[in-house]
Structure formats: structure tokens, C-alpha cells
There are 2 protein chains.
Amino acid sequence: MQACLQFTTGKIEMSLIDKISGQAPSLTPSERRLVETVIDRPKAAALGTALELARAVGVHEATASRLAKKLGFDGYASFRDALREEFIATHETATRFEKTITTSTPETILGKLALDEAQALGRIEEFIDADQIAEVAGLLMGARRIFVYGYGNAEVLSLMMVKRFRRFGKDVQHLVPDPRGLAEQLLGIGAGDVVLSFAFRRPPRGYAALMEVAKETGAKTIMISGKSGALLAPGPDHLLAAPRSGDPDAFQTLIVPMTVCNAIVIAAGLTAKKETLKKLDRLGQLIERFE
Amino acid sequence: MQACLQFTTGKIEMSLIDKISGQAPSLTPSERRLVETVIDRPKAAALGTALELARAVGVHEATASRLAKKLGFDGYASFRDALREEFIATHETATRFEKTITTSTPETILGKLALDEAQALGRIEEFIDADQIAEVAGLLMGARRIFVYGYGNAEVLSLMMVKRFRRFGKDVQHLVPDPRGLAEQLLGIGAGDVVLSFAFRRPPRGYAALMEVAKETGAKTIMISGKSGALLAPGPDHLLAAPRSGDPDAFQTLIVPMTVCNAIVIAAGLTAKKETLKKLDRLGQLIERFE
DNA sequence: AGAATCATGCAAGCCTGCTTGCAGTTCACC
DNA sequence: GGTGAACTGCAAGCAGGCTTGCATGATTCT
């Protein structure tokens, strides 16, 4: 376990399962069942204890211990460490981007990406439920003004939400990042206003001040973030945090938070359907007149 | 750890994030660093011991132990078990999500959306193959200058690609939509330049003219679009078209084209790995100097 | 400036999990 | 049917990791 929190040199032997499988003929029935379980669910085995593995298989922990030695490891601990290395050990490589690059081959980038995204999307509901979406959507649609705050990668989402809610006819301001401009924009903030902000990896500059101002003036705050949103202090009134797709140590995309945004937009559209349609209609007329 | 070797019932509480979020304001500096490390590298934390985590952060293991209790766990072991549970969930979800797709009828907006997106993502490879991605990525990375063109909803993606390729150190211009400004920006376009454009539902204003100018001057053109991309005339040199998720007559999202963009960015990183890493490194330095 | 509170390292103690000698059982071979 | 070897469970012992009272240094409030 020494290497887990430190920089590993990057070498991973992929032979462990092969080695085990190769030894299969000389294994006893109990050992065979153990090995089968390990091969079937290596991650569970890598995380559990010898006792748990043994119990899952229905043998004694001593048998698991002996198996590890038989396979050439110093003991069960070494065996499990090898499992961890092979299946889940993290390489803290130079940059997140490099991580993605080194584990990708051009042939599989798109496919792997699509798969990762799909899986991440599948988990969204474990972190954000329908009530939260509806509540946030209602809040936004009922807001006197909406202030959107998000920079860096998150600016993409900020822009999208600004566009969407302007289409709903809302008064939406995209907050600028520079302190003075921000202060000016926030001069008139007050009860009935809503601040919608984004944070990935770290809160945007001025986040704490923004939240404080909002709280003091009675404006509501909404935060859409990855898992790191839990760390934010002071916390927002409404936190929508769902882990993003991809390896946390590598390239993370905006697909998950964008889907959360889309859900909010759809919910917002539903909460004020009639008005929305009227506004959209009006937008069509306006566009035509400008074309 | 009871659950590790068994199939979890599928319900995972978002308790971990909640717990952290609830305590975020009252965390001490050391605890904060610990939590940041855990969020940043959950795998390492899930696998390691309290001592290893503490050492990685530079604090005493006792602090890690106390943090776990402060967050509402019985002790460090419980805390790590929660991490492991979450970790297993993220990485052994494949079957669960398939199951979700086939069995569940989502009643919530978010759930339905996630499902739609996932299914659309699953079809991407039927429309766009790896060679196209690699080719486009190579083209962009080899370009003298990149002109990005996309408005309306597509502006979100334009912005993203402008940001990403600027990070790669490329000379990227976001073309303005007004005719005169566009003409001015395109004055110097020529061979070696690449035009990256987006079109959903209908081509952007001035699309035809832009394509013609590009062809005359020898610049290459890339189009990322939904299915309607096939209708574009004149056609681009490279067309990446994949159907978007959602009802064609209703709300369509940018998830699919964004995933295509992400794949291009990753592939672009691959085609010029060394330079890319150097540039990213430089970006990190620059950001630090500006903070 | 002094006192109190808090954060954090230290180190002893406890607990969990791994190991290993021993014994009972099974199976194969004689 | 008997003998022996191998397999496996049992339980005591051991090691590593987690916990917690205590002390020290920092910070804040009076």
C-alpha cells in the first residue's frame, strides 16, 4: 500500500489475472472458487478484507491467506495490493490532461468518451433529485433578476444559461469577473434576485464575497458544481452537485453539469409554459424583423 | 465494509457530499486540505490508510481520524468505507446503467433527460468514426490559424472550442456574426487556415459565403452539426454530423455535439502531446502569476 | 498583555485483520 | 478396507492501523 498516495512510477503489470488463471489447474476447489470470485469482481476483492472475500465465497479466511502465498505473494496484503495496483491504482501524472491522453488511443476516444458520459449520466439521479431541479427552476423563473457567475471552463455553461433564460424573457446578467465591475453590477441586488453560479475544481474568484452579499441582501443563491461543490463555504442556498464524467485525475467534461442545466431549463419551461411560449413566439418575430 | 463483496442494492446516499457540505464552513485548515485531497484523488484515499492520507497532505494521522468523526462517521474506517462504496459505484456501473435503461421508466425530467442523452451518445459511433475525429484534430492542430464560427445555441460550443484550442497555444479567432466585421476578420484568410463551424437546425448567417471564401483561398472547413448537417450547401471539407438527443420538434440539447468536440480536443492533445503538455504547463504558471 | 479557546502533534492503548500450528475430514491409492 | 497425503476449519498469536487523552503552540477576545 505504500504507493497509493504517492507518485507511482507508472509501471503496471497487467499479468496478475493471467498469472492467476495460469495457476488455475493446480488450485484446490476452495482456492478455485476464491480465484473465480476475484476475477469476477476484482474491485470488490481489492477493496475488501480477506475475511470478506472468504465469507463471500463460503470458505475460511485462512484459505484466502494461503491462496495468496501459493500464488507467490508475501501474504494476503501483498496480493490485495497487487490487485489494487492493477485495477485501480491511480497514477498521479503530471497533468490531468496527460492522464487522459496516455490512456486513450485515437481509435477509442469517441467511443470511450461516449461510454463514460453515459455512465456518469446514469448516476446523476443519485446525487440530484427531481425536487431540487423543480425548486431551482421555480426559483429562477420567479426571480426578479438573475445573475449568472461562472468562469474558466464554466463560462460555457454560464453563457448557455444566460441565453436560455433570456429567451424565457428573464432579466439576466452575466457577472463579470473583475472585482470593480462585479461590485458595480451587484449594486442593486436584493430580495427577489437569484444568483446562479458554477464551480468546478475550485470556486471562482470572489465567490465568498458574492455569497455573502447575496445573503445580506436577501438574494437566493444556486450553485451547480461537481463533487467539489460540497467544499464551498459559505454554502449556497441550493447546491446541485453531481460528479462529472471521466477520471477525476484526468480530463473532465461539462456533460453532466450541462445535463443538469438542461433539466433546469426544461423544468423552467414547464413551470411557466404559457408565458414561455408567448415569449418564444415573440422572439421569432423579433428575429425575423432583424434578418 | 459489509457491502463491498455483495451487490449493493443500487441506492447510494449522497451522504458523503452532504456530510462534507454540512461541515464545510467549520473545517480547520488542515481538515480542509485533507478534504480537498480526498475530493481530488478519491481513489487514493479510498485505498490508502489514514496514515498515508495524512502524510500525503502533511498532517498527523490523528487529524484525519478526527476529521472523519467530525464529518459524522463512526471513525476513519467508516469514512473510507463510504469512499469505497462510492468508488465502486462509479466504476462498476456499466451493468447497472444498462439495467436502468431497460427497466426503469423515469418519471423525472432529469432522469428522462439523462436517459435520452445516454442513448444518443451510444449511437454517436454509428455516425462519426475515429478516423474522422483524428483527421479533424490533426487538421486543427496543424492549422496556422483557426476561425470558429457558430451562433445561437451553437455559440456555447464555439466558445468552448475557442478556449480549448487557445489553451493548446493555437491562434484562434471567434468570428463575429455581423457581415462587415466578418469580412474584416477574414481579410487575411488563406491556405493553412481552418474554419471550424457549427450548425444546428439551420446554417448560420453568411455560411455559404464563408464556405466559398474558404474554398477560394485554400482554407479548410470543418462543420460539426446535427443530422441537418447533411443538407448544407456548399458542403464543408469535413462534416461531423450526429443526431442530437431529444425530440426533433422539441428541446434538443448540445450534449452530443459537445461530446464530439470533447473527443476532438482529446485527440488533438494526442496528436501533439509534447507541445500540449508544455503549453498546459505554461498556462498553469500564467494562471498562478495572475492570481 | 493576559487568558481562553482551538488546532494539532505525540504516544500509548485498543481493535481489526492476517498468519500459522494443529486437528479433523476427505479422497486416492494400495 | 487401510493408509497417507492433501484440504480446510479452528483459534491463538501477532502486526499494523485507528483512536484518544494530553501537551504545546497559535490565535482571538477581553
Side-chain angles (χ1 to χ4, degrees), chain A residues 1-6 20 23-38 42-85 231 233, chain B residues 1-6 16 19-20 22-38 42-85 87:
Chain A
M1 270 309 303
Q2 322 88 307
C4 271
L5 287 173
Q6 288 141 21
I20 296 176
Q23 291 252 354
S26 69
L27 295 178
T28 70
S30 299
E31 288 171 342
R32 178 178 295 270
R33 267 157 57 216
L34 281 169
V35 166
E36 280 167 3
T37 302
V38 170
K43 284 154 194 154
L47 292 172
T49 67
L51 176 63
E52 284 162 2
L53 172 63
R55 274 232 255 275
V57 173
V59 301
H60 200 269
E61 60 177 322
T63 306
S65 177
R66 293 188 186 103
L67 168 65
K69 292 211 160 178
K70 190 167 173 180
L71 291 176
F73 297 95
D74 284 346
Y76 190 84
S78 307
F79 169 67
R80 188 180 44 201
D81 286 350
L83 266 179
R84 291 179 174 177
E85 272 284 315
L231 263 184
Chain B
M1 268 307 302
Q2 320 90 309
C4 270
L5 288 174
Q6 288 139 22
L16 198 135
K19 279 176 177 163
I20 294 177
Q23 291 290 328
S26 67
L27 292 180
T28 70
S30 300
E31 289 170 344
R32 200 176 178 76
R33 268 156 57 214
L34 281 169
V35 169
E36 279 166 5
T37 303
V38 169
K43 291 179 200 170
L47 293 173
T49 66
L51 178 63
E52 285 162 0
L53 172 64
R55 273 229 256 274
V57 174
V59 301
H60 199 269
E61 60 177 324
T63 305
S65 176
R66 284 192 264 259
L67 169 64
K69 291 211 160 178
K70 190 166 175 181
L71 291 177
F73 296 94
D74 284 347
Y76 190 85
S78 308
F79 170 66
R80 190 181 43 201
D81 287 349
L83 267 178
R84 287 179 176 176
E85 185 128 331
F87 172 64

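Chain naming here is simple, since letters A, B, ... match the order of the sequence lines and numbering starts at 1 in each. Keep in mind it's a predicted model, so treat the numbers as computed, not measured.
Atom-to-atom, CZ of B:Arg33 to P of C:dT8 comes out at 8 Å; the value is rounded to the nearest Å. Rounding to whole angstrom units, CG of residue A:Asp81 and C1' of D:dG17 are separated by 14 Å. Rounded to whole Å, the distance from CG on A:Leu67 to P on C:dT20 is 15 Å. Taking atom NZ of A:Lys70 as the reference point, atom C1' of C:dT20 lies 17 Å away to the nearest angstrom. Note: CG (A:Leu53) to C1' (C:dG17) measures 13 Å, nearest angstrom. Following rounding to the nearest Å, B:Arg55 (CZ) and C:dG9 (C1') show an atom-to-atom distance of 14 Å. Taking atom OH of residue A:Tyr76 and atom C1' of nucleotide C:dT20, one finds them 17 Å apart after rounding to whole Å.
Within a 6.0 Å radius of CZ in A:Arg33, more than 12 heavy atoms belonging to other residues, nucleotides or ligands are found.
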> Going 5' to 3' along nucleotides 8-15 of chain D, which nucleotides have protein heavy atoms under 4.0 Å from the base (write B), which only from the sugar-phosphate (write S), and which from neither (write -)?
Replying inline: SBBB----
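Taking CD from B:Glu52 and CG from B:Leu47, the interatomic distance works out to 9.0 Å, rounded to the nearest 0.5 Å. In this structure, CG on B:Leu53 lies 7.0 Å from CZ on B:Phe79, to the nearest 0.5 angstrom. B:Leu67 contributes atom CG, which lies 9.0 Å from atom CZ of B:Phe73 (distance to the nearest 0.5 angstrom).
One finds no side-chain N or O of B:Lys69 lying less than 4.0 angstrom from the OP1 or OP2 phosphate oxygen of D:dC18.
Across every non-hydrogen atom of A:Ala50 and A:Ala64, the tightest pair is O-CB, 4.3 Å.
Listed by chain and number, the residues in a salt bridge (Lys or Arg N to Asp or Glu O under 4.0 Å) with B:Lys70 are B:Glu31 (sequence neighbours excluded).
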